[in-house]
2 protein chains.
Amino acid sequence: KMRIGVPKETWPGELRTALVPANAKKLIHSGFEIVAETGLGMGSGFSDDAYTDAGVTIQSDRQAILADSDVILRVRKPDASEISGLRRGVIHISFLDPFNERSLVDSLAASGVTAISMEMIPRSTRAQKMDALSSQANLAGYVTVIQAAYHSVKAFPMMMTPSGTIRPCRVFVIGVGVAGLQAIATAKRLGARVEAFDTRPVTAEQVRSLGAKFVEIDLGEVGQTEQGYAKALTAEQIALQKEGQKKVIAESDVVITTAQLFGRPAPVIVTRDMIEAMQPGSVVVDMAVETGGNVEGSVLDAVTEIGGVKVIGQGNLPSQVSRNASDMYSNNLLNLIEEFYDSESKQLVLDPEDEIIQAAVITRDGEIVNETIRNLNK
Amino acid sequence: KMRIGVPKETWPGELRTALVPANAKKLIHSGFEIVAETGLGMGSGFSDDAYTDAGVTIQSDRQAILADSDVILRVRKPDASEISGLRRGVIHISFLDPFNERSLVDSLAASGVTAISMEMIPRSTRAQKMDALSSQANLAGYVTVIQAAYHSVKAFPMMMTPSGTIRPCRVFVIGVGVAGLQAIATAKRLGARVEAFDTRPVTAEQVRSLGAKFVEIDLGEVGQTEQGYAKALTAEQIALQKEGQKKVIAESDVVITTAQLFGRPAPVIVTRDMIEAMQPGSVVVDMAVETGGNVEGSVLDAVTEIGGVKVIGQGNLPSQVSRNASDMYSNNLLNLIEEFYDSESKQLVLDPEDEIIQAAVITRDGEIVNETIRNLNK
């Protein structure tokens with residue numbers, strides 16, 4: 001029997017968990033043994049009893065969990081200090097941020113860990129059910145709108161009352177990926193008047209299908225990568241985009257930016273002068289604050305005020321709905337494990353020729369086996 | 001020309017204003033002169049310039065505004081220390097909490113102030129447009145849901161994703177007045193599964209018309225007052241209600257209580273044992289926290305945790321959407337002024353025989369003229 005170990009998250013403010021009781025039950029049924037650290041589900045609404053009821057062994061000795069497991073499940077990348085305590089050959093599944101964590105990757109390789117980076121799951125039809133970046137981005141998009149509504153001096157919906165009519169709040173979403181689409185959908189649900197923009201013209205139809213208006217800014221030729229991310233813009237294109245957005249931003253009550261570039265710092269889209277042109281009491285939510293920020297002046301995990309406009313820099317947005325985020329992330333891991341589980345031998349079989357394994361396994365047998373990451377700093 | 005003075009609100013955390021620039025413009029057009037204190041609209045998104053542009057004189061000398069005005073507009077009741085500084089015969093329009101502020105009322109009478117209490121505007125068709133309790137309760141209801149969503153570990157809408165299905169959040173609204181109805185409508189908008197309860201069976205149809213489920217609890221005979229408020233329950237009815245609600249509360253992710261009794265402390269509806277029966281990560285919002293609270297353990301302006309359940313005691317909910325709340329409250333005052341304004345003499349004429357004046361004017365010519373308030377402590 002393979003033993004799965006699930007240590008508690010230690011990243012400050014991390015409320016998610018990599019394994020929810022319902023999925024633990026399924027894995028145990030498939031033939032795994034599971035040991036989880038005391039208090040594992042505390043931040044996402046699961047008691048130790050819920051895990052015990054599912055058949056999980058609860059243990060307070062974190063070092064033992066790390067040392068004695070064949071598979072480790074986590075949300076966040078491991079702390080560097082904990083890598084030497086892992087068993088050689090352990091399969092470690094988590095977000096890993098491998099583009100920015102070279103020394104961590106080196107250390108995982110040196111310790112003989114088979115490290116799977118959930119960011120690197122390919123965007124293929126087969127891998128969709130394991131796509132943790134998307135499952136978390138979807139919830140992050142929802143949370144951006146809740147954060148905006150919480151801090152806005154205006155309600156979102158139109159209300160016709162005997163005391164007068166409240167006009168719908170004007171929301172502008174910049175960046176129409178998974179998160180942006182959910183932000184648009186949520187703001188529409190709440191009754192706002194929503195506009196959106198993305199450098200990829202293909203998103204216009206998706207925006208309109210959600211009942212929002214696509215802001216037309218002619219940037220000339222802009223493509224997208226094979227992974228579906230926007231290509232970087234030229235200096236001239238950036239200037240055109242800024243000019244076009246500035247007017248919409250000034251007329252908006254809420255601006256939500258969701259522009260992320262995979263593995264690279266986020267582009268600055270909303271500059272200080274744009275914020276200053278907004279009405280006092282307006283709100284800007286910077287979803288990319290953790291990767292450098294789309295908004296000038298946004299501060300991680302803080303609400304800053306620029307000319308009476310609140311700039312929200314809440315980090316780790318999925319963790320704000322930790323219950324759903326845990327459910328979805330845990331599903332992604334479960335789907336990954338089930339995909340590569342051989343029920344006869346009761347082993348995880350990670351075929352190096354498999355396209356998901358090729359993309360997502362970063363280190364193995366003492367080496368960095370992922371080509372993209374291996375070639376990064378050459 | 002009558003002079004209207006609008007001092008800045010001094011109540012801690014009060015972000016609303018009694019006069020918005022658009023309404024100032026209308027009143028000036030009707031023949032009033034308006035003086036406002038510096039920074040009047042700061043909390044609700046209006047700059048001093050916006051007032052100046054509307055024709056308002058901005059003045060930093062608060063005492064002069066209070067001393068030299070014929071009409072004073074405010075959101076909150078005046079500070080006791082400021083009453084002696086008012087001109088004799090001044091018409092003072094604000095919330096006043098006259099049921100609980102006897103000495104304040106006495107002091108207003110003694111100073112010869114004509115005090116209009118916005119809480120006392122009758123619920124008649126003619127007075128609807130001046131009904132500030134309703135205009136603010138409507139927004140408070142919206143805010144309860146935003147507060148709940150902000151603190152909930154679950155997203156509200158159902159989401160069907162490749163990583164799995166997120167089930168809609170279960171919201172239970174207790175008390176179906178103006179605020180409760182807007183809470184139901186907002187939670188439904190956001191995609192939650194909503195149930196509601198009120199002791200007045202007449203509300204069932206309203207609940208259903210918003211797409212929510214009315215929880216049936218047979219309490220026997222319960223009426224409503226002429227003003228449309230619920231009558232107080234007997235001890236036996238309260239026990240029945242508690243039993244019926246307890247089960248629904250235990251199954252809910254979010255409970256919102258909006259039960260207020262006019263002029264009296266709010267009834268305790270959700271007890272500690274009911275909260276402890278909820279799932280950890282759930283949220284309870286106590287809209288009545290300022291008048292004693294519907295929820296055992298709720299604390300004004302704080303988020304407390306009971307058995308992993310967050311109890312939200314945010315006070316002054318309308319102030320959370322200060323822009324809209326100011327617009328609506330200011331409309332209520334504008335409508336009141338216009339109703340009683342004689343454009344020939346350019347005076348406010350408060351006919352003592354008028355039903356609105358009879359209900360809302362508390363003190364006049366050195367006396368407590370309002371019968372209900374005068375008879376309170378006899």
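So that the names make sense, note that chain A is the first sequence line, chain B the second, and so on, each numbered from 1. Note that this is a predicted model, so its numbers are computed, not measured.
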Do you know which of [options] has the most heavy-atom pairs under 4.5 Å to chain B?
options	result
A:Ser330, A:Ser163, A:Gly45	A:Ser163
A:Met130, A:Gln182, A:His151	A:Gln182
A:Tyr329, A:Phe46, A:Phe156	A:Phe156
A:Pro162, A:Ser319, A:Gly41, A:Gly281	A:Pro162
A:Leu334, A:Asn332, A:Thr161	A:Asn332

Is it the backbone or the side chain of [X] that comes under 4.5 Å from a heavy atom of chain A, or both, or neither?
X	value
B:Tyr150	both
B:Ser326	neither
B:Met42	neither

Option in [options] with maximal non-hydrogen atom pairs under 4.5 Å from chain A:
options	answer
B:Arg189, B:Arg323, B:Gln147	B:Arg189
B:Ala149, B:Ala155, B:Pro157, B:Ser322	B:Ala155
B:Gln320, B:Lys188, B:Lys129, B:Gln128	B:Gln128

Proximity breakdown for A:Ser134 and chain B, heavy-atom pairs closer than 4.5 Å: neither

Interface moiety of A:Leu139 toward chain B, non-hydrogen atoms closer than 4.5 Å: side chain

Stepwise, does the side-chain contact (heavy atoms from CB on, under 4.5 Å) test hold for B:Asn138 with A:Met159? CA-CA 9 Å; B:Asn138 173 52; A:Met159 298 183 192; 3.3 Å; yes

side-chain contact (heavy atoms from CB on, under 4.5 Å), that's the test. Do B:Ile166 and A:Val321 meet it? Break it down for me. CA-CA 11 Å; B:Ile166 295 172; A:Val321 283; over 6 Å; no

Flag side-chain contact, heavy atom, 4.5 Å: B:Leu190 against A:Leu190: yes

Nearest 0.5 Å, please: how far is CZ in B:Arg167 from CG in A:Asn324? 10.5 Å

Distance (rounded to the nearest 0.5 Å) between A:Lys154 NZ and B:Asp327 CG: 8.0 Å

